[in-house]
Amino acid sequence: MKLIEYRIKGQPVRINVVETFEDLVPFTKFIQENPVLGFDTETTGLDWWNARNNGPFRLRLAQFGNGNESYVIPVELGAKFERITIWALRQADYFIAHNGTYDLHVVEECLGIPMEELAPKFWDTQKLCHLVDPRQIKEGGPGRKLEELVKFYIDPLVADEVKGSMTKIAKRYKVKKEDIWPVVELFDEEFLLYAGMDPVFAFRLFHILYSLVPPRSKAAGLMQWEHRLAHVTAKMERTGYLLDVEYAEERCAELMAEQSEYEAAARLYGIESVNSPKQLLEVFKGLGFKFTKKTKNGNLSIDDDVLSAMDHPAADAVIKAKKAGKWRKTWFEKALAGRDWENRVHASINSCEARTARMSISGTIAAQTYPAGSGYVRHMFLADEGHVTVSIDYGNMELRVMAAASRDPIMLKVFQDGGDLHDMTAIAAFGPTPAGMKKHPKRPAGKGTNFAVGFGGGWEVVHEQFGVPEEDAKRAVKAFWDTYKGVAAFADKLQMQARRTGYIYTATGRRLPVDKSRPYAALNYYIQSSARDITARAILELDRAGYTQWMRLPIHDEIVFSFPKERAEELTEKAARIMEMTFMGLLIPADGEIGQQSWGSVLELEDSKH
DNA sequence: TAGAGAGGCACC
DNA sequence: AAACGGTGCCTCTCTA
């Protein structure tokens, strides 16, 4: 046994590194004496889906610990160490991990224990910290990475020494930080300190965070709720999405050719790097163009809008070259590089991510950012063999939440009567819809206003982001507040709450911090967070009803499924009914669309809405 | 030479 | 009276 001694604010911490089979005797005793344990793993990378079929992914270390002592098991060294790790995982009553979802994937793939068996006894400090304070460092909060939490809640010195050590180790091995994991010596002392302290941190953090979770959130059951949700999204990650490799590779080649062509065209004007705003400004200034649009930091901006308005072949070439390059790299190549041995791609579904708890999807399937206008990108994902892709989404979810939560009588009535809120706002601003017209001619101004107000914007947003003429935008925004007085009162109430306490609470008992400098954001936080919880509830209900095997991705107000073709209609109807719910008295309807095998095919249905 | 910041762009 | 809410990821550029 190798012993590493460390101190957290003067208190000793013992890290026991198992080296031989004899060392397993005290480890066994430790596990039997500690029914609640911090847990962590060290692996060769993050691509757990590459463990099967002799893939390159390996589990290297498994660490168990309480607040003062931990054991590091060198799983990589052989079957006996694997077996004792499996035994320990089955032995203890509860485990505490930071982003335990990842460790559950690793344990399942590398040690063969199904997630279903372990998930119910895993507690996650990442979920707890979100309930305590969801703000990232850059937002002035404690952050949500383990290192950041240790720094904020335990000890800044310890955080720097221990969690910062991987950077030092990478330097010592002369590799990039992301490449250190498979090459670092298993018994490297600094690596063992890093690994061994992790479960100690998780264990300590859990107890600190548990006491800080707002009583209202606890009473509402949010802790259990978030853990169950994370488990369902982990099962979606495990299933993955089937990739049409041939289609993706063809698009890569096509975009590569397009990129080269337009880069060459831009080069004729002296543009060597189409992605350099600095260079673009220099060249175009040389061609006699004047620039006025500013970036948020006050520098001159040369984005798509500016370039489009220039009406010059070089500007056109830059737009096209940039686009082709970005689409290829970000979507097609990312998915191809992330596929497993069965050509399935596994997204990273962050079930509780944004300040509002909104989910995000990152990694190999950046699903939230796929172009919505056509199926070009989404075509690369396929429902399983014999299945079709189905997308079920909520109709006007955030606006319905706004209506229901604010109890605004006019807005509620529009939705209850099956009316069109965008038309209603247009009518309020510009008068009745002319006779003989189905939709109000200024409906786009109404629509822009409804959305802009929902995320805290004013007439400038309506004008700039939705392309509504300035005068119309001003008039529609004013009409919005004059008409929906209940929304105004609700927004005021939330703002007051935020100013007084620094927080607002949602209907589900979630506490959301609101910055003192931006109290108007409270309305958006309430709406966005409530909408997220409606989708989250649906995911849990769908899981209970046995639909997880068919769920592929949750995207805000939409869930994508792969249903067996012959049962598609029946399952779509049933799933939509499960998703649908009444929120504070108002129905939030869900509507499904059945496509062909590819996800992209759903976007090309003739009867697509709106 | 890695990392951070900025700009840009894709979405809800 | 009515304010730009939330993500992820790529490239370039500057700096420690």
Side-chain angles (χ1 to χ4, degrees), chain A residues 134 136 138-139 167 170-171 174-179 272-281 293-307 318-319 322-323 325-331 333-334 347-348 350 353-373 376-378 393-394 396-398 449 451-466 474 476-482 484-485 487-489 491-492 495 512 514-515 517-529 531-532 535 554-558:
Chain A
Q136 298 172 12
K138 63 174 185 238
E139 298 172 304
T167 313
K171 267 209 178 98
K174 296 187 171 62
V175 297
K176 280 187 272 182
K177 200 180 164 187
E178 63 193 86
D179 296 330
E272 289 301 322
S273 180
V274 294
N275 286 309
S276 166
K278 188 170 169 267
Q279 198 180 115
L280 292 178
L281 282 164
K293 187 175 175 182
K294 297 281 177 67
T295 68
K296 71 170 165 64
N297 286 338
N299 301 315
L300 284 179
S301 168
I302 181 153
D303 61 12
D304 200 46
D305 278 347
V306 175
L307 288 163
V318 168
I319 293 173
K322 271 165 72 171
K323 188 167 164 169
K326 181 170 169 113
W327 285 37
R328 176 175 58 82
K329 279 295 281 177
T330 312
W331 298 321
E333 285 189 356
K334 193 98 182 161
S348 210
N350 315 305
E353 183 60 25
R355 183 192 289 221
T356 56
R358 203 186 223 197
M359 291 175 252
S360 79
I361 304 178
S362 55
T364 50
I365 309 182
Q368 285 161 305
T369 68
Y370 290 163
Y376 187 74
V377 173
R378 288 154 140 104
D393 65 355
Y394 289 102
N396 286 317
M397 175 146 71
E398 296 207 347
T449 300
F451 284 127
V453 169
F455 54 70
W459 68 265
E460 282 161 308
V461 178
V462 181
H463 170 54
E464 279 158 28
Q465 274 184 24
F466 295 88
K474 283 181 181 166
V477 169
K478 184 174 186 316
F480 182 97
W481 294 110
D482 290 345
Y484 311 119
K485 294 209 167 64
V487 176
D492 283 348
Q495 272 199 44
L512 303 175
V514 181
D515 304 351
S517 58
R518 290 152 63 243
Y520 55 86
L523 176 67
N524 174 259
Y525 288 172
Y526 186 98
I527 294 169
Q528 191 180 104
S529 194
R532 178 274 188 187
T535 306
I555 308 167
H556 305 314
D557 63 348
E558 172 192 5

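Every chain is numbered from 1 and lettered A, B, ... according to where its sequence line falls, protein lines coming before strand lines. Side chains included, hydrogens not; waters and symmetry mates left out as well; all remaining heavy atoms used.
Taking atom CZ on A:F480 and atom C1' on C:dA3, their separation rounds to 14 Å, with Å as the unit. Between the CD atom of A:E272 and the P atom of C:dC12 there is a distance of 12 Å, given to the nearest Å. Atom CH2 in A:W481 sits about 8 Å away from atom P in C:dA3, given to the nearest Å. Atom C1' of nucleotide C:dA2 and atom CZ of A:F451 are separated by 19 Å, given to the nearest angstrom. Rounded to a whole Å, the NZ atom of A:K474 is 17 Å from the P atom of C:dA1. Distance, A:E139 CD to C:dG5 P: 11 Å, rounded to whole Å. Between A:E353 atom CD and C:dG8 atom C1' the separation is 10 Å, expressed in whole Å. One can place CZ of A:R355 at 15 Å from P of C:dC4, the figure rounded to the nearest angstrom.
Considering only side-chain N and O atoms, A:S360 lies nowhere under 4.0 angstrom from the phosphate OP1 or OP2 of C:dG6. Taking only side-chain nitrogens and oxygens, A:R518 never comes nearer than 4.0 Å to OP1 or OP2 of C:dC4. For A:K334, a side-chain nitrogen or oxygen approaches OP1 or OP2 of C:dC10 to under 4.0 Å.
To the nearest 0.5 Å, the span separating NZ on A:K329 from CH2 on A:W331 amounts to 14.0 Å. Taking CG from A:D393 and CD1 from A:I555, the interatomic distance works out to 10.0 Å, rounded to the nearest 0.5 Å. Distance check, rounded to the nearest 0.5 Å: OG1 of A:T369 to NZ of A:K326 gives 7.0 Å. A:K177 contributes atom NZ, which lies 3.5 Å from atom OG1 of A:T167 (distance to the nearest 0.5 angstrom). Once rounded to the nearest 0.5 Å, the distance linking CD of A:E353 with CD of A:Q136 reads 6.5 Å. Atom OG of A:S276 and atom CG of A:L281 lie 8.5 Å apart (nearest 0.5 Å).
Among the atoms of the strands shown, none is found under 4.0 Å from any heavy atom of A:K478. Base engagement by A:A488 is indicated by at least one non-hydrogen atom pair under 4.0 Å involving a base atom. Contacts of A:G363 with the nucleic acid, taken as non-hydrogen atoms under 4.0 Å apart, involve only primed sugar atoms and P, OP1 or OP2. At the heavy-atom level, A:T356 lies nowhere under 4.0 Å from the strands shown. Contact annotation for A:I527: no contact, since no heavy-atom pair falls under 4.0 Å across all strands.
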Atom pairs under 3.5 Å, N or O on each side, protein against nucleotides 14-16 of chain C: can you list them with distances?
none

_Does the protein touch nucleotides 6-12 of chain B at the base, only the backbone, or not at all? Give it as B, S and - per nucleotide, heavy atoms under 4.0 Å._
SSBBBBB
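A:D303 contributes a side-chain N or O that, together with a main-chain N or O of A:D305, makes up a donor-acceptor pair within less than 3.5 Å.
For A:Y525 and A:G458, each mapped to the nucleotide of DNA chain C holding its nearest heavy atom, the one lying further toward the 5' end belongs to A:G458.
The listed nucleotides are C:dC9, C:dT13, C:dG5; the one nearest the side chain of A:A366 is C:dC9. Of the listed nucleotides (C:dA2, C:dC4, C:dC10), C:dA2 has the atom at the smallest distance from the side chain of A:Q495. Distance from the side chain of A:S273 is smallest for C:dC12 among the nucleotides B:dG3, C:dC12, C:dC4. The side chain of A:S276 lies closest to C:dT13 when the candidates are C:dG8, C:dT13, C:dT7.
In this structure, A:K294 and A:L300 have side chains that are in contact, with non-hydrogen atoms separated by less than 4.5 Å. Two residues are said to be in side-chain contact when any heavy atoms from C-beta on lie closer than 4.5 Å; A:T449 and A:F466 fail this criterion.
Remark: the A:T356 side chain and the A:Q528 side chain contain an N/O donor-acceptor pair separated by less than 3.5 Å.
Spacing of P atoms, C:dC4 relative to B:dC12, comes out at 22 Å, to the nearest Å.
Residue pairs meeting the salt bridge (Lys or Arg N to Asp or Glu O under 4.0 Å) criterion with at least one partner in residues 356-371 of chain A, sequence neighbours excluded, are A:R358-A:E398.
Take A:E178 and apply the side-chain contact (heavy atoms from CB on, under 4.5 Å) test, not counting sequence neighbours, and it matches A:K176.
Taken over five-pair windows at either terminus, the axes of the helix from B:dT1-C:dA16 to B:dC12-C:dG5 are inclined to one another by 10° (rounded to 10 degrees).
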Show every donor-acceptor pair shorter than 3.5 Å between a side-chain atom in residues 454-464 of chain A and any protein atom, with sequence neighbours excluded, or say none if there are none.
from   : atom 1 : to     : atom 2 : distance (Å)
A:H463 : ND1    : A:V468 : O      : 2.7

